[in-house]
2 protein chains.
Amino acid sequence: MTDKQPANNLTEQVMARLSADIRGGRLAPGARLPTEQALTTELGVSRTVVREAVAALRADGLIVTRRGSGAYVADPAAGPFRIAAPRTTSLDDILDVMELRLSVEVEAAAFAAERASRRHVAAIRAAWQSIETALKRGEGAVAEDFAFHRAIAEATGNSQFPRFLAYLGSHVIPRQSVRLSVDTPAERRTYLARIQHEHSRIVAAISDGDVTEARRAMREHLTRSLDRYRALARGKKNGRR
Amino acid sequence: MTDKQPANNLTEQVMARLSADIRGGRLAPGARLPTEQALTTELGVSRTVVREAVAALRADGLIVTRRGSGAYVADPAAGPFRIAAPRTTSLDDILDVMELRLSVEVEAAAFAAERASRRHVAAIRAAWQSIETALKRGEGAVAEDFAFHRAIAEATGNSQFPRFLAYLGSHVIPRQSVRLSVDTPAERRTYLARIQHEHSRIVAAISDGDVTEARRAMREHLTRSLDRYRALARGKKNGRR
DNA sequence: ATCAATAAAATTGTCTGACAACTTGTCGGG
DNA sequence: CCCGACAAGTTGTCAGACAATTTTATTGAT
């Protein structure tokens, strides 16, 4: 199920072992782990290795240690937060993540329309202009597109939105360039022009402070690209739900 | 800015220091960290502490180590995935996270209305019923409420939604019980009754497959609780934007 | 016999020193 | 100029010791 490269360093081996014990349920939340000495004898490694593995798992939020008492399996709810599986990026997974992105961005546009400052609006406009010049130069403008969405997220005044987008973008956007279903340059150009037109409507809504329209425009914009991926997924291998 | 409890264990102090250096940009991605020996002398701790801190940061995906060469700041895009800050949970941070949650849940309700199976609808109805019985017993039903929202997230057919909610819920919901602005039991009862009424409208919309109404009902439901928190935050110490 | 204070044992946290495994740069010889 | 051997530097692992803290056992008084 998981990746099993031999992991030439012992610490990772011990980490994998303990992690598997915890996630596999052999060690229930709140249960106490074997003592460091017990682990050294059982696994045949030095205490240094055991301690480093424990420190790593503690950083992961899987366990907590109490001096003089022992190490305990942490409540999984208290753990940090991992969103998507980075390794297994199947096409379906990407679609799922894109839906999550749509959800966040639609509301981000609404919040931006509600409370964007003049500087924020100016930044969004500048990002739009950057796409425009890139398109006139005949480029794809994927980086500029991402910057545009990022500018909107920052205009919400809520730092969670840009952070969320930055993470999702780094994992979803790169795939976008892998395979575009549009073939001829002419088709591609009209497609990009339409995208940019959708962008302009989003800008207008945010600039006007029209919350409802901002939501609508952003949803339409993202739904369209989502549908293109859905079609692609269905074409490649149809199935699922 | 951040929380500065003395952190009685040195490892966390060193971790915090290095983590701040990396996130603060003083150490660019790809840059090499000081050697362990340099850190021991500079920070005045033993090599054991430094190594455990490095092991923890490596588990966090912030750095990578190469034997014989050194430790390097990892490319953040390659790093696993972290969304929000778990430690620094100020009231403003909670509000920001709640807005993110609203964004996701509104669209989750829409997706649920669009493609929930009969079993999913039944599960949502059952969760609603659980709240009902808990309320009749005079309980707060926070766990049941969370289960209700979770059932909706699962009805989307997109595994990212329940996962996202599970994380956010574990960090946001617990605070809900910390301090409720409603004082008298009567007020509390009417409040809970209204919440449950809002729930019923969400259930009806999803059951009918009415996407727009599902969005509207969920947004109204969450906006209301968000507004209550906003008022609470403003009452405690007004400021910010 | 019950309970409280004390002592002992157990456990994690930190320090020190050492050696192995690996990487990188240097230097000499071809 | 290229290339191999060598040396220095760095991380990985091991071993032992002591400190700080918690848990358990012992002991004593009531």
Side-chain angles (χ1 to χ4, degrees), chain A residues 3-19 21-22 27-75 78-79, chain B residues 4-19 21-22 27-75 78-79 87:
Chain A
D3 42 12
K4 275 300 170 196
Q5 50 183 347
N8 48 11
N9 55 350
L10 293 179
T11 299
E12 285 190 12
Q13 285 178 240
V14 175
M15 255 181 69
R17 160 66 184 274
L18 292 178
S19 178
D21 280 353
I22 292 173
L27 288 172
R32 185 177 157 189
L33 275 74
T35 67
E36 293 175 355
Q37 199 174 22
L39 287 173
T40 58
T41 59
E42 180 184 347
L43 302 177
V45 297
S46 74
R47 198 180 156 209
T48 304
V49 172
V50 171
R51 281 196 61 79
E52 283 186 21
V54 167
L57 293 180
R58 187 178 43 195
D60 265 348
L62 266 75
I63 66 178
V64 294
T65 56
R66 291 216 310 268
R67 173 163 173 159
S69 176
Y72 301 83
V73 180
D75 184 4
Chain B
K4 276 302 169 194
Q5 51 182 353
N8 48 10
N9 53 351
L10 293 178
T11 299
E12 285 191 12
Q13 286 177 240
V14 175
M15 255 180 71
R17 160 68 184 273
L18 292 178
S19 177
D21 279 353
I22 292 174
L27 288 172
R32 185 175 159 192
L33 273 75
T35 68
E36 294 175 354
Q37 199 173 21
L39 288 173
T40 58
T41 60
E42 180 186 346
L43 302 177
V45 297
S46 74
R47 198 181 156 209
T48 305
V49 172
V50 171
R51 281 198 60 79
E52 284 186 20
V54 167
L57 293 180
R58 188 179 42 196
D60 266 349
L62 265 76
I63 65 178
V64 293
T65 57
R66 292 216 311 268
R67 177 194 231 155
S69 177
Y72 301 82
V73 179
D75 183 7
R87 324 282 173 190

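In what follows, every chain begins at residue 1, and chains take the letters A, B, ... in the order their sequences are listed. From a predicted model like this one, the values you see are computed outputs, not experimental measurements. These values consider heavy atoms only, across backbone and side chains, with no hydrogens, waters or symmetry-generated copies.
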Below 4.0 angstrom from OP1 or OP2 of [N], is there any side-chain N or O of [X]?
X: R67(A); N: dA19(D); answer: no
X: S46(B); N: dT14(C); answer: no
X: T11(A); N: dT13(D); answer: yes

Under the side chain to side chain contact (heavy atoms under 4.5 Å, CB included) test against I63(A), which residue among L57(A), L18(A), L27(A) passes?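 Answer after filtering L57(A), L18(A), L27(A): L57(A).
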In terms of the nearest nucleotide of DNA chain D, which residue is placed more toward the 5' end: T48(B) or G68(A)?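 First, find each residue's nearest nucleotide; the 5'-ward one identifies T48(B).
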First of G70(B) and Y72(A) reached from the 5' end of DNA chain D, by closest nucleotide: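 Of the two residues, G70(B) wins.
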Within the modelled atom types, does a donor on one side and an acceptor on the other bring the side chain of R47(B) and the base of dG12(D) under 3.5 Å apart?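 Flag set: donor-acceptor pair detected.
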Spell out yes or no: do the side chain of R66(B) and the base of dG12(D) have one donor N/O and one acceptor N/O closer than 3.5 Å?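 Such a pair does not exist between side chain and base.
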So which heavy atom on N9(A) is nearest to which on R58(B), and how close?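 Answer, listing the atom of N9(A) first, then R58(B): ND2-NH1, 4.1 Å.
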Just by distance, with hydrogens left out, do R51(B) and T48(A) show a side-chain donor and acceptor under 3.5 Å apart?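 Their side chains do not contain a donor-acceptor pair, so the 3.5 Å distance test is not met.
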Proximal nucleotide (of dG12(D), dT12(C), dT10(D)) relative to the E36(B) side chain: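 Output: dG12(D).
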Should V14(A) and L39(A) be marked as a side chain to side chain contact (heavy atoms under 4.5 Å, CB included) after you check the CA-CA gap, both sets of side-chain angles, and the distance that decides it? CA-CA 9 Å; V14(A) 175; L39(A) 287 173; 5.8 Å; no
